Amino acid sequence: MPASTGGIIGGGPRPCNSGLPGNEPLTKAEAVLNSPHFPLLETTLSGPRPLIAGNWKMNAGDAAGIALARAVIEGAGSETLGCDLLLCPPAVILAEVARLAGGSAAAVGGQDCHAEDAGAHTGDLSAIMLREAGASFVIVGHSERRAGHGETDAMVRAKAEAAHRAGLTAIVCIGETEGERAAGKTLDVLAHQVGGSVPAGAGAADTVIAYEPVWAIGSGRTPSPGEVAEAHAHIRARLAGRVDSAAEVRILYGGSVKPDNAGAILALGDVNGALIGGASLDAAAFLAIARLCR
Ligand code: 13P
């Protein structure tokens, strides 16, 4: 357990800056955590370096994507950010984006991989291929793949294991549907997904969790800070019995993260970055979010 420097401030490792003028991050986090929506949790200022990741989905797979990558990499190049950056472009430009990102602060990731290392799987990509193209991360189990491609927790876990075999960090996505939240099942769903999707033996070095409420993705709606903090604290508690160094595992929030709401979310103690869809297609917006982690 790292040395505490801040006493009771929130539910996890180092939070990002709130970005509010004249309002230090701890003050912000403390204010949020003192709200009646969730309990105070003991934590420290130490913890994993935040990760700000852009999931471009099926967008910008052409010259516009190369320009976007260049704008992010060059924009970040002249400053010292308080976070790691990750770009997850469409696979057809991943190698070129990785070449551009070489030597920069930005890493590159795939958006999905097959659970096997090679074989007769038309249209699929293996984690090894992504690695050879320059990726160091891969997203697995995004809700769009769970819903659109029938991916189960077991399939997601097998993909994360393939990522680990290839030396990639797996970003394992979990999150409840709107109906599950309305039925009061959010925490049970998250516990079930952590148990089913995260490989036993995973750890902070090879696994990131992304909490993405399905109903918040692309909708412009987000859970309250209290609801995000509750979910993240619950995920970390579930990881504790399952992975190595659970306190150091980065847990990202995803779902309608924008520059104007990111500060409040990233200031929460157990939030170690963000997985960003729409706003990651705009270099200025993506970098504005990253700068909140300064
Ligand atoms: P939006 O930021 O567009 O809501 O997308 C979130 C997401 O699905 C990232 O993986």
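Residue indices begin at 1 and follow the sequence shown. Quantities reported herein were computed from a predicted structural model and do not represent experimental measurements.
No hydrogens or angles considered: a donor-acceptor pair under 3.5 Å links the side chains of T207 and H164. Side-chain atoms of S197 and D153 form a donor-acceptor pair, as typed in the model, at a separation below 3.5 Å. Y211 and Q193 share no donor-acceptor pair across their side chains, judged by distance under 3.5 Å alone. Using modelled atom types and a 3.5 Å distance limit, the side chains of Q111 and W56 yield no donor-acceptor pair.
Two residues are said to be in side-chain contact when any heavy atoms from C-beta on lie closer than 4.5 Å; V108 and C88 fail this criterion. Between I139 and L275 the shortest side-chain heavy-atom distance falls below 4.5 Å. C113 has its side chain out of reach of L125: every pair of non-hydrogen atoms, C-beta onward, lies at least 4.5 Å apart. Between P259 and F286 there is no side-chain heavy-atom pair separated by less than 4.5 Å.
Under the 3.5 Å distance criterion, the side-chain polar atoms of E180 are matched with a main-chain donor or acceptor of T177. Judged by distance alone, the side chain of R250 and the main-chain N or O of A204 form no donor-acceptor pair under 3.5 Å. Listed for the R236 side chain is a donor-acceptor partner under 3.5 Å among the backbone atoms of V249. Between the side chain of E79 and the main chain of A76, no donor-acceptor pair closer than 3.5 Å is present. A donor-acceptor pair under 3.5 Å links the side-chain atoms of R242 to the main chain of V198, judged by distance alone.
The existence of a salt bridge linking E176 and K185 is excluded, since no basic side-chain nitrogen approaches an acidic carboxylate oxygen closer than 4.0 Å. With respect to the salt-bridge test (charged N to carboxylate O, under 4.0 angstrom), the residues K159 and E116 do not qualify. Here R146 does not pair with E151 in a salt bridge; the nearest charged N to carboxylate O distance is not below 4.0 Å.
Taken together through direct or relayed side-chain contacts under 4.5 Å among Ile, Leu, Val, Met, Phe, Trp and Tyr, I52 and L87 form part of one hydrophobic cluster. Criterion: ILVMFWY side-chain heavy atoms under 4.5 Å apart, direct or through other members. Under it, V156 and L130 are part of a common hydrophobic cluster. When the side chains of ILVMFWY residues are joined at heavy-atom separations under 4.5 Å, either directly or via intervening members, I251 and L268 end up in a single hydrophobic cluster. Each of L86 and L266 belongs to its own hydrophobic cluster when Ile, Leu, Val, Met, Phe, Trp and Tyr are linked at side-chain heavy-atom distances under 4.5 angstrom. Under a hydrophobic-cluster definition in which Ile, Leu, Val, Met, Phe, Trp and Tyr are linked whenever side-chain heavy atoms come within less than 4.5 Å, directly or via other members, L168 and L252 are assigned to different clusters.
Taking CZ of R291 as the reference point, atom SG of C83 lies at 10.0 Å (rounded to 0.5 Å). Atoms NZ and NE2, on K57 and H142 in that order, are 4.0 Å from each other to the nearest 0.5 Å. Atoms CD1 and CG, on I174 and L190 in that order, are 5.0 Å from each other to the nearest 0.5 Å. Atom CG of residue L292 and atom CG of residue L81 lie 10.5 Å apart, to the nearest 0.5 angstrom. R70 contributes atom CZ, which lies 5.0 Å from atom CG of L100 (distance to the nearest 0.5 angstrom). Remark: N272 CG to E248 CD distance equals 9.0 Å, nearest 0.5 Å.
Nearest approach of D244 to G201, heavy atoms of both residues: OD2-O, 4.1 Å. The two residues H114 and A162 come nearest to each other via the heavy atoms O-CB, 3.6 Å. For the pair N261 and S256, the tightest heavy-atom approach, listed with the atom from each and the gap, is ND2-O, 2.8 Å. Minimum heavy-atom separation, G61 to V92: O-CG2, 3.7 Å. Closest approach of P223 and Y253 over heavy atoms only: CD-OH, 3.1 Å. G109 and P89 get closest at one heavy-atom pair: O-CD, 3.5 Å.
Counting heavy atoms of neighbouring residues, nucleotides and ligands inside a 6.0 Å radius, atom NE2 of H192 does not exceed 12 of them.
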Evaluate the criterion side-chain contact (heavy atoms from CB on, under 4.5 Å) for residue pair S136 and T169; output intermediate values, then yes/no.
-> CA-CA 6 Å; S136 48; T169 296; over 6 Å; no

